[in-house]
2 protein chains.
Amino acid sequence: MSDGLRERKKLQTRRAISGVALELFRERGFDNVSVAEIAAKAGISKMTVFNYFPAKEDIVLGPLEEHVGDPAAIAEGKAPGEPVVAAFRRAFLERLEGRAPETGLNDDPALLQVLNLISETPPMVVRIFGFRHRSEQLLVEALRDPAAGPHDLRARLVAGHLTGLWYTLQGENVRRIIGGERAGEVYPDAVAAANLGFDLLADGIGDYGAW
Amino acid sequence: MSDGLRERKKLQTRRAISGVALELFRERGFDNVSVAEIAAKAGISKMTVFNYFPAKEDIVLGPLEEHVGDPAAIAEGKAPGEPVVAAFRRAFLERLEGRAPETGLNDDPALLQVLNLISETPPMVVRIFGFRHRSEQLLVEALRDPAAGPHDLRARLVAGHLTGLWYTLQGENVRRIIGGERAGEVYPDAVAAANLGFDLLADGIGDYGAW
DNA sequence: TCAATATTTATATCGGGAATAAATATCGAC
DNA sequence: GTCGATATTTATTCCCGATATAAATATTGA
């Protein structure tokens, strides 16, 4: 059975670890809490922590990692005939409206703690670059035109721009939410920013900065 | 005096460290060589290694890091009235022609060793994402329009796209050079790739992928 | 209840990196 | 060239993340 006691316990342990860890990190900072300490407070052994999370940073970043496949999924799920950029714009605006955490436009206290923690911890910021890279690679696969051969450069370039825009927009929202603004306040600007970003991407920036 | 014995010795030590380290890394792989071993072989103490390089990875990545400021410099040095994208296209094509290492289009054996080493060592790949991020931040500063306020979103978006394109083009070249092709062979494709990339960026990708 | 399997644990070890203070080398001024 | 100020290197110690191994324990389906 896929839903027995074992699975339930695992989920529970996983949550116990990240719960305890987040609490300690908040109190004293990521670097000043050892994995051994987390394990002790969670009532398990240090080894078990690494059993659930490949690295200390992943205890915090787990929820973010779940979204690495989003851009690829958007490309794959787009309406036939719809340009990819348009599909991304739609998808992002929809998520903004729903205050989806992955847009950064969400001021839930628990999420805020996580965002603050990440922003203050360089190694975790670095890990996010890794997520972004994986996002991009998955998107390349989703966009790849088989007729263009195994190395569709155009798909790579487009994927790079879309992923970059996605993360930039998200980053802007995160920055403001961390700065103390409420999601509701930021929302109009977030929509405007997204539209600006997708406009620039759709229409090109060939004439930018001719000063 | 800025050019005394002290400075000369420092440069010499620095080179000794990276020379010895690269040799060992090539032989046995990055992870199978300890910093202590590098220090021993270079005839210095382990502490001194960390004195010269903040982290083990930086022993290899030093030369790459020197180019983080390139995009910002291009923006700052562009001809008056020239669009930024045009300036970047020119700069990249010039560097391609000169087989500049930072374009990836350079098959010098020593460089090749470094590229291979990096590509096989995930933590170093990650560090490069960090360089890219710094590149982008510097470019934002260079592009920022004071009239647009302290957070020129347009500049951020443009910087993101330019930096992304820059690294993507570089990555394509590196991939092929690592694959064993010669710079001369790759050159025509690299020029075509760059032009495609800058065209897409200049004119936009609004109609891409409407299948 | 039992045997097969998955998970957790204890234990040992490695190596990167920081902190400290002592030793050594280089500097510029005389 | 000598000397005191300043940089640099060094030895030493320590912490902690991460891995490997094998033993112990829990969960499973029969």
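To find a chain, count down the sequence lines: A is the first, B the second, and so on, and within it residues start at 1.
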Residues two or more places apart in sequence or in another chain: which of them pass side-chain contact (heavy atoms from CB on, under 4.5 Å) with [X]?
X         : answer
Arg95(A)  : Asp70(A), Ile74(A), Ala91(A), Ala100(A), Glu102(A), Thr103(A), Trp166(A)
Gln113(A) : Arg26(A)
Ala183(B) : Arg99(B), Leu105(B), Asp107(B), Ile177(B)

Does the side chain of Lys9(B) get closer than 4.0 angstrom to OP1 or OP2 of dA25(C) through an N or O atom?
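Result: no.
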Taking side chain to side chain donor-acceptor pair (under 3.5 Å) as the test, write out the residues that go with Asn51(B), two or more places apart.
none
Could you tell me which residues satisfy side chain to side chain donor-acceptor pair (under 3.5 Å) with Glu94(A), sequence neighbours excluded, listed by chain and number?
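Here the qualifying residues are Arg90(A).
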Find the distance Asp31(B):CG to dG16(C):P and express it as a whole number of Å.
9 Å
Euclidean distance, atom NZ of residue Lys10(B) to atom C1' of dA7(D) [Å, nearest integer]:
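For the pair Lys10(B) NZ and dA7(D) C1', the rounded distance is 8 Å.
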Side-chain ion pair, Glu65(B) and Arg127(B), N-O less than 4.0 Å
no
Sequence-distant partners of Phe129(B), ring pair (Phe, Tyr, Trp, His ring centres under 6.0 Å), two or more places apart
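If we apply the ring pair (Phe, Tyr, Trp, His ring centres under 6.0 Å) test to Phe129(B), skipping adjacent residues, the hits are His133(A).
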List in chain and number order the residues that pass ring pair (Phe, Tyr, Trp, His ring centres under 6.0 Å) with His67(A), two or more places apart in sequence or in another chain; answer none if no residue qualifies.
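None.
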Compute the angle between the rotation axes at the two ends of the helix from dT1(C)-dA30(D) to dC30(C)-dG1(D), each taken over five pairs, rounded to 10 degrees.
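The angle, to the nearest 10 degrees, is 30°.
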Can you list every side-chain hydrogen bond (donor to acceptor under 3.5 Å, both in side chains) pair that touches residues 185-196 of chain A, not counting sequence neighbours?
Arg89(A)-Asn195(A), Arg176(A)-Asp189(A)
Among residues two or more places apart or on two chains, list those pairs meeting ring-ring contact (aromatic ring centres under 6.0 Å, His included) that have a residue in residues 8-51 of chain B.
Phe25(B)-Phe30(B)
Under a 4.0 Å heavy-atom cutoff, the residues of residues 33-61 of chain A touching DNA chain C are Ile44(A), Ser45(A), Met47(A), Thr48(A), Asn51(A), Tyr52(A)
With the threshold set at under 4.0 Å for non-hydrogen atoms, list the residues of residues 12-30 of chain B touching DNA chain C in residue-number order.
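Within this stretch, nothing sits under 4.0 Å of the strand.
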